[in-house]
Amino acid sequence: DNRRHRDALAAAQRAGAPGVTLLQGDIREKPEVFEGLRLAYWNNLCFPSAVSQVVAERLASIAPPGAEIFALAEIPEVLGLSKVETRIDLEMPWRVEPYRPFRYVVSREQMRTAEV
């Protein structure tokens, strides 16, 4: 909702987080957010698989090689997006034990290999 978004923007500004962009809206309508992406966090636990598929495809085709995304739920497998093991644990208010996110890296090499 708009209030949560405004609160998040204010918190990011107070924290002095340069280079951090918080967006509100349907990610499927904003493919430009993947251009120049270096690092993203996606709380995707409640997103339908169709949205996850679009995000994965756009990451692989638009984001630059080496771009990373950390997500709370697995992202569909697509060419050009590699799942990478991570040892990061997140503290979540809705669970006692730490939560390990999924990490993905954009890899154009994987795409070139498949084309050969």
Side-chain angles (χ1 to χ4, degrees):
D1 72 47
N2 287 334
R3 181 172 173 250
R4 284 180 53 192
H5 185 67
R6 285 193 308 271
D7 290 349
L9 290 171
Q13 186 175 19
R14 284 191 305 274
V20 173
T21 303
L22 300 175
L23 301 170
Q24 181 181 21
D26 189 334
I27 192 70
R28 295 171 296 179
E29 296 173 2
K30 300 177 186 229
E32 67 276 4
V33 303
F34 299 101
E35 296 171 4
L37 180 79
R38 292 183 307 184
L39 180 65
Y41 167 77
W42 185 24
N43 182 349
N44 62 333
L45 288 175
C46 296
F47 284 82
S49 59
V51 174
S52 293
Q53 185 69 40
V54 170
V55 169
E57 290 169 358
R58 293 219 173 122
L59 273 166
S61 64
I62 299 173
E68 296 179 73
I69 186 167
F70 288 83
L72 294 185
E74 283 192 90
I75 294 175
E77 288 185 31
V78 297
L79 203 56
L81 192 60
S82 301
K83 186 175 177 182
V84 179
E85 192 67 35
T86 182
R87 298 193 189 285
I88 296 171
D89 288 326
L90 303 175
E91 291 184 26
M92 298 298 191
W94 41 265
R95 108 186 233 154
V96 176
E97 62 277 355
Y99 190 89
R100 183 153 294 167
F102 297 90
R103 177 181 173 212
Y104 298 87
V105 177
V106 175
S107 171
R108 295 289 189 270
E109 187 61 37
Q110 181 188 19
M111 293 178 85
R112 278 195 292 275
T113 303
E115 291 172 357
V116 174

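Only heavy atoms go into these numbers, but all of them, side chains included; no hydrogens, no water, no symmetry mates. Nothing here was measured: the structure is a model prediction, and the numbers come from that model.
Under the 4.5 Å side-chain heavy-atom criterion for Ile, Leu, Val, Met, Phe, Trp and Tyr, Phe47 and Leu59 are members of the same hydrophobic cluster. Both Val55 and Leu23 are members of a single hydrophobic cluster when ILVMFWY side chains are connected at heavy-atom separations under 4.5 Å.
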So Leu37 and Ile62, side-chain contact (heavy atoms from CB on, under 4.5 Å) or not? Walk me through it. CA-CA 9 Å; Leu37 180 79; Ile62 299 173; over 6 Å; no

Pair Leu9, Gln13 - check side-chain contact (heavy atoms from CB on, under 4.5 Å), show working. CA-CA 6 Å; Leu9 290 171; Gln13 186 175 19; over 6 Å; no

For side-chain contact (heavy atoms from CB on, under 4.5 Å), just list the numbers for Leu90 and Phe70, CA-CA rounded to whole Å, side-chain angles, deciding distance to a tenth of an Å, and then say yes or no. CA-CA 11 Å; Leu90 303 175; Phe70 288 83; over 6 Å; no

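Of all heavy-atom pairs between Arg100 and Arg87, the closest is NH2-O, 3.8 Å. Across every non-hydrogen atom of Ile75 and Tyr104, the tightest pair is N-OH, 2.9 Å. Here the closest non-hydrogen pair linking Ala71 and Asn44 is CB-OD1, 3.6 Å. Heavy-atom minimum distance, Val78 versus Ala56: CG2-O, 3.4 Å. Nearest approach of Phe102 to Ala73, heavy atoms of both residues: CD1-C, 3.5 Å. Of all heavy-atom pairs spanning Ser82 and Ser107, the tightest one is OG-CB, 3.9 Å.
By the neighbour-count criterion of 12 heavy atoms within 6.0 Å, atom CZ of Arg95 is densely surrounded, having more than that number from other residues, nucleotides or ligands. At most 12 non-hydrogen atoms from other residues, nucleotides or ligands lie less than 6.0 angstrom from CD of Glu77. Counting non-hydrogen atoms of neighbouring residues, nucleotides and ligands closer than 6.0 angstrom, the CD atom of Glu91 reaches no more than 12 such neighbours. Other residues, nucleotides and ligands contribute at most 12 non-hydrogen atoms within 6.0 Å of the CD atom of Glu85.
The residues Glu74 and Lys83 are annotated as salt-bridged, a charged nitrogen and a carboxylate oxygen being separated by less than 4.0 angstrom. Salt bridge present: Arg103 and Glu68 bring a charged side-chain N and a carboxylate O closer than 4.0 Å.
We find the CD-CZ distance between Glu57 and Phe34 to be 10.5 Å, quoted to the nearest 0.5 Å. Atom CH2 of residue Trp42 and atom CG of residue Leu72 lie 10.5 Å apart, to the nearest 0.5 angstrom. Atom OH of Tyr41 is separated from atom CG of Leu22 by 12.0 Å, given to the nearest 0.5 angstrom.
Judged purely by atom type and a 3.5 angstrom limit, Arg58 uses its side chain to pair as donor or acceptor with the backbone of Arg28.
Contact check for Trp94 versus Leu45: side-chain heavy atoms found under the 4.5 Å cut-off. Side chains of Tyr99 and Asp89 form no contact here, defined as non-hydrogen atoms less than 4.5 Å apart.
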